[in-house]
Amino acid sequence: VQLQASGGGLVQAGGSLRLSCVASGRTSSSYVMGWFRQAPGEEREFVAAISWSGGSAYYADSVKGRFTISKDNAKDTVYLQMNSLKPEDTAIYSCATDKNPRRTYTGPRYYSPSLYNYWGQGTQVTVSS
């Protein structure tokens with residue numbers, strides 16, 4: 001399984017970006033997909049996740065109401081729409097997925113890196129003030 005994230009860049013505070021993560025090697029339609037980020041000198045932080053069915057989404061409190069995660073199963077792609085960006089959103093954003101098809105987890109599990117078995121290389125997001 002390979003994950004390729006793209007769509008990062010430099011944007012002013014208040015602006016928007018849409019990140020994409022394409023999965024290859026298997027279909028993404030049966031698996032959980034998540035986004036994490038890591039700023040320099042900081043630990044990796046959960047951002048958002050979407051259940052395998054796409055019916056449930058989970059967000060970190062810091063991005064709730066500003067970011068939206070979605071899946072396009074036909075394209076094996078997960079998106080992260082980021083609006084009202086803030087300088088503190090600056091980080092490398094990475095996508096990840098689990099290895100258990102059609103598995104539903106309890107809510108808190110989606111927030112843990114331990115749920116995810118495959119990770120992609122990140123894309124840099126820089127928000128200027």
Flag side-chain contact, heavy atom, 4.5 Å: Val125 against Met82: yes

Minimum heavy-atom separation for Met33 to Leu3, with atom names? CE-CD2, 4.2 Å

So, using side chain to side chain donor-acceptor pair (under 3.5 Å) as the criterion, who are the partners of Ser114 when residues are at least two apart? Ser112

Looking at Tyr59 and Ile69, what are the two nearest heavy atoms and their distance? OH-N, 2.9 Å

So Val78 and Ile50, do their side chains get closer than 4.5 Å, heavy atoms only? yes

Euclidean distance, Ser29 OG relative to Arg102 CZ, rounded to 0.5 Å: 6.5 Å

To the nearest 0.5 Å, atom OG of Ser51 lies from atom OH of Tyr31 at 14.5 Å

If we ignore hydrogens and angles and just use 3.5 Å, is the side chain of Asn117 paired with the main-chain N or O of Lys99 as donor and acceptor? yes

To check you understand the geometry: which heavy-atom pair defines the closest contact between Val1 and Arg26, and what is its length? CG2-CD, 3.6 Å

Can you tell if the side chain of Trp52 reaches within under 4.5 Å of the side chain of Pro101, non-hydrogen atoms only? no

About how many Å separate OG1 of Thr68 and CZ of Arg66, when rounded to the nearest 0.5 Å? 11.0 Å

Ser62 (side chain) donor-acceptor with Ala60 (main chain) under 3.5 angstrom: no

Indicate the atoms forming the closest heavy-atom contact of Leu80 with Ala48, along with that distance. CD1-CB, 4.1 Å

Short side-chain to backbone donor-acceptor contact, Thr90 and Val127, under 3.5 Å: yes

Distance-only donor-acceptor hits, side chain of residues 8-21, under 3.5 Å, sequence neighbours excluded:
{"from": "Ser16", "atom 1": "OG", "to": "Asn83", "atom 2": "OD1", "distance (Å)": "2.9"}

Those residues that, when tested against Thr126, pass side chain to side chain donor-acceptor pair (under 3.5 Å) (two or more places apart): Gln124

Linking Ile, Leu, Val, Met, Phe, Trp and Tyr through side-chain heavy atoms less than 4.5 Å apart, which residues share a cluster with Val32? Phe36, Phe46, Tyr58, Tyr105, Tyr110, Tyr111, Leu115, Tyr116, Trp119

Find the distance between OH (Tyr93) and OG1 (Thr123) and round it off to the nearest 0.5 Å. 10.5 Å

Pair listing, salt bridge (charged side-chain N to carboxylate O under 4.0 Å, His left out) test, anchored in residues 29-48, at least two apart: Arg37-Glu45, Arg37-Asp89

Could you pull out all residues at least two apart from Gln4 that satisfy side chain to side chain donor-acceptor pair (under 3.5 Å)? none

Linking I/L/V/M/F/W/Y whenever their side-chain heavy atoms sit closer than 4.5 Å, directly or via other members, would Tyr79 and Val63 fall into one cluster? no

Can you confirm whether Gln2 is buried at CD, in the sense that more than 12 heavy atoms of other residues, nucleotides or ligands lie under 6.0 Å from that atom? no

